[in-house]
Trainee: 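Okay, here's the structure, questions in a sec.
Every heavy atom of this structure was used, including side-chain atoms; hydrogens, water molecules and symmetry mates were not.
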Amino acid sequence: MLLWPALLLGFAMLTRLAPIAGLESWPQHFTALTALALCGAALFPQRLALWLPLLSLLLTDLALNAHYHWPLTDPQMLPRYAVFAVAAWIGTKLAAAKLPLLPLLGACLATSTLFYLVTNTASWALEPQYPAGFAGWWQALTTGLPGFPPTLLFFRNSLLGDLTFTGLFWVCYRLGAPAPERAAITAKLSPVR
């Protein structure tokens with residue numbers, strides 16, 4: 001049944017579009033898309049596990065770029081898609097092991113950090129406003145460009161969103177698991193008596 005995964009996909013896209021969908025108080029970059037890329041392998045049929053998270057990223061990129069009057073496509077999109085593809089690939093490996101919580105949270109932390117480093121390094125390399133050299137790269141990783149929120153704020157919000165939604169997807173996935181599997185998970189999480 002694809003109803004629940006479809007609803008999760010729609011929710012993940014809404015979290016990314018929240019700032020332009022009338023939810024101005026929603027924290028910028030607090031989204032469920034990385035969590036969807038990681039957990040999508042367990043939620044979607046194998047043939048869709050990679051493509052649905054990437055399609056959701058593309059559709060939200062196009063909507064955001066149109067809203068902010070930016071070019072619809074730009075070379076800085078490619079690193080984002082590469083990191084999302086890596087997250088989805090890791091998700092397929094974790095899905096085969098039935099999404100173990102600690103490795104999943106570790107993968108979430110790793111892919112969030114990778115996303116931050118890769119996208120900000122690409123921004124530094126492609127944006128002429130950044131100075132060349134280490135100082136410009138450091139600016140790209142910390143304060144970003146004038147007129148925009150600091151990139152460390154972006155990293156904090158995206159990391160919190162990734163961990164939050166990965167945890168929520170894990171709980172939903174486990175609640176949908178067959179009863180014997182849920183009992184085994186509960187036993188593992190219960191304190192030892």
Side-chain angles (χ1 to χ4, degrees), residues 12-40 50 53-94 102-169:
M13 291 174 67
L14 181 60
T15 63
R16 184 142 191 254
L17 297 174
I20 67 169
L23 301 170
E24 291 84 16
S25 61
W26 187 268
Q28 280 190 324
H29 305 292
F30 187 82
T31 73
L33 283 181
T34 299
L36 183 69
L38 271 173
C39 300
L50 172 65
L54 289 174
L55 179 62
S56 66
L57 180 63
L58 175 65
L59 293 175
T60 56
D61 270 347
L62 294 174
L64 289 168
N65 289 354
H67 176 79
Y68 291 116
H69 306 290
W70 296 334
L72 288 182
T73 60
D74 129 0
Q76 291 189 43
M77 292 169 75
L78 295 176
R80 268 181 279 189
Y81 293 89
V83 174
F84 265 73
V86 167
W89 178 79
I90 292 169
T92 61
K93 301 304 174 199
L94 292 171
L102 291 180
L104 180 63
L105 292 177
C108 178
L109 180 62
T111 55
S112 296
T113 304
L114 181 67
F115 185 85
Y116 164 73
L117 291 171
V118 168
T119 58
N120 285 297
T121 298
S123 185
W124 164 73
L126 296 169
E127 289 290 337
Q129 295 96 326
Y130 283 117
F134 181 78
W137 180 69
W138 189 251
Q139 178 186 346
L141 292 178
T142 55
T143 59
L145 292 172
F148 293 95
T151 53
L152 280 175
L153 178 67
F154 157 78
F155 181 51
R156 182 199 69 189
N157 288 353
S158 63
L159 181 60
L160 289 173
D162 294 345
L163 289 169
T164 298
F165 291 115
T166 296
L168 287 173
F169 283 157

Trainee: Kindly say whether Cys108 contributes a backbone atom to a donor-acceptor pair with the side chain of Asp162 at under 3.5 angstrom?
Mentor: no
Trainee: So do Leu105 and Leu109 actually touch side chain to side chain, heavy atoms under 4.5 Å?
Mentor: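 They are not in contact (no side-chain heavy atoms under 4.5 Å apart), so the answer is no.
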Trainee: Measure from the side-chain N and O atoms of Thr119 to the backbone N and O of Arg80, and report whether any donor-acceptor pair falls under 3.5 Å.
Mentor: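 Checking the backbone N and O of Arg80 against the side chain of Thr119, no donor-acceptor pair under 3.5 Å is found.
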Trainee: Pair Tyr130, Ser123 - check side chain to side chain contact (heavy atoms under 4.5 Å, CB included), show working.
Mentor: CA-CA 8 Å; Tyr130 283 117; Ser123 185; 3.5 Å; yes
Trainee: Considering the options Thr34, Leu33, Leu62, Leu36, which one meets the side chain to side chain contact (heavy atoms under 4.5 Å, CB included) requirement together with Leu57?
Mentor: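 So, applying the side chain to side chain contact (heavy atoms under 4.5 Å, CB included) to Leu57 and each of Thr34, Leu33, Leu62, Leu36, only Leu33 qualifies.
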Trainee: Stepwise, does the side chain to side chain contact (heavy atoms under 4.5 Å, CB included) test hold for Asn120 with Phe154?
Mentor: CA-CA 10 Å; Asn120 285 297; Phe154 157 78; 4.1 Å; yes
Trainee: Any chance you could measure Thr164, atom OG1, to Leu159, atom CG, to the nearest 0.5 Å?
Mentor: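 Here the interatomic distance stands at 9.0 Å.
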Trainee: Below 4.5 Å, heavy atoms only, C-beta onward: do Phe84 and Ser56 meet side chain to side chain?
Mentor: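 No; the side chains remain at least 4.5 Å from each other.
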Trainee: Tell me the closest heavy-atom pair linking Glu24 and Gly22, and the distance in Å.
Mentor: OE1-O, 3.2 Å
Trainee: Taking the side chain as C-beta and beyond, is there a heavy-atom pair between Leu163 and Ser112 under 4.5 Å?
Mentor: no
Trainee: Which word best sums up how the rings of Phe134 and Trp138 line up, parallel for under 30°, tilted for 30 to 60°, or perpendicular for over 60°?
Mentor: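 Taking Trp138 first and then Phe134, their aromatic rings lie parallel (interplane angle under 30°).
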Trainee: Determine, stepwise, if the pair Asp61 / Arg16 fulfils side chain to side chain contact (heavy atoms under 4.5 Å, CB included).
Mentor: CA-CA 9 Å; Asp61 270 347; Arg16 184 142 191 254; 2.7 Å; yes
Trainee: Flag the pair Thr151 / Gln139 as yes when at least one side-chain heavy-atom distance between them is below 4.5 Å, and no otherwise.
Mentor: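 With C-beta onward as the side chain, the pair stays apart.
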Trainee: Measuring from Leu14:CG to Thr31:OG1, what's the distance to the nearest 0.5 Å?
Mentor: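 That separation rounds to 11.0 Å.
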Trainee: At what distance, to the nearest 0.5 angstrom, does CG of Leu145 lie from CD of Glu127?
Mentor: 6.0 Å
Trainee: What's the shortest heavy-atom distance between Thr142 and Tyr116, and which atoms?
Mentor: N-OH, 4.2 Å
Trainee: Do Ile20 and Tyr68 touch side chain to side chain, with heavy atoms closer than 4.5 Å?
Mentor: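 Touching, per the 4.5 Å side-chain cut-off.
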Trainee: Measure across Ala140 and Trp124 and return the closest heavy-atom pair with its distance rounded to 0.1 Å.
Mentor: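 Answer, listing the atom of Ala140 first, then Trp124: CB-CB, 3.6 Å.
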Trainee: Should Phe30 and Leu160 count as side-chain neighbours, where that means a heavy-atom distance under 4.5 Å?
Mentor: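 A side-chain contact under 4.5 Å exists here.
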Trainee: Can you name the closest pair of heavy atoms from Leu38 and Ala87 and give their distance?
Mentor: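 Scanning both residues, the minimum pair turns out to be CD2-O, 3.5 Å.
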Trainee: Is there side-chain contact between Trp89 and Leu50, with heavy atoms separated by less than 4.5 Å?
Mentor: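 The answer is no, as the side chains (C-beta and beyond) never meet within the 4.5 Å cut-off.
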Trainee: Start with the C-alpha gap between Phe155 and Leu141, add the side-chain angles, then the distance that decides, and say whether side chain to side chain contact (heavy atoms under 4.5 Å, CB included) holds.
Mentor: CA-CA 9 Å; Phe155 181 51; Leu141 292 178; over 6 Å; no
Trainee: Look at the rings of Phe148 and Trp70 and say which category their plane angle falls in: under 30° parallel, 30 to 60° tilted, over 60° perpendicular.
Mentor: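 If you compare the ring of Phe148 with that of Trp70, the planes turn out tilted.
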Trainee: Ignoring hydrogens, what is the shortest heavy-atom contact between Ala122 and Pro79? Give both atom names and the distance.
Mentor: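 It is CB-CG, 3.6 Å.
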Trainee: Between Pro103 and Leu94, what is the shortest heavy-atom contact and its length?
Mentor: CB-CD2, 3.9 Å
Trainee: I want to check something: taking the side chain as every heavy atom from C-beta on, are Leu152 and Thr143 in contact at a cut-off of under 4.5 Å?
Mentor: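 Result no, sub-4.5 Å side-chain heavy-atom pair not found.
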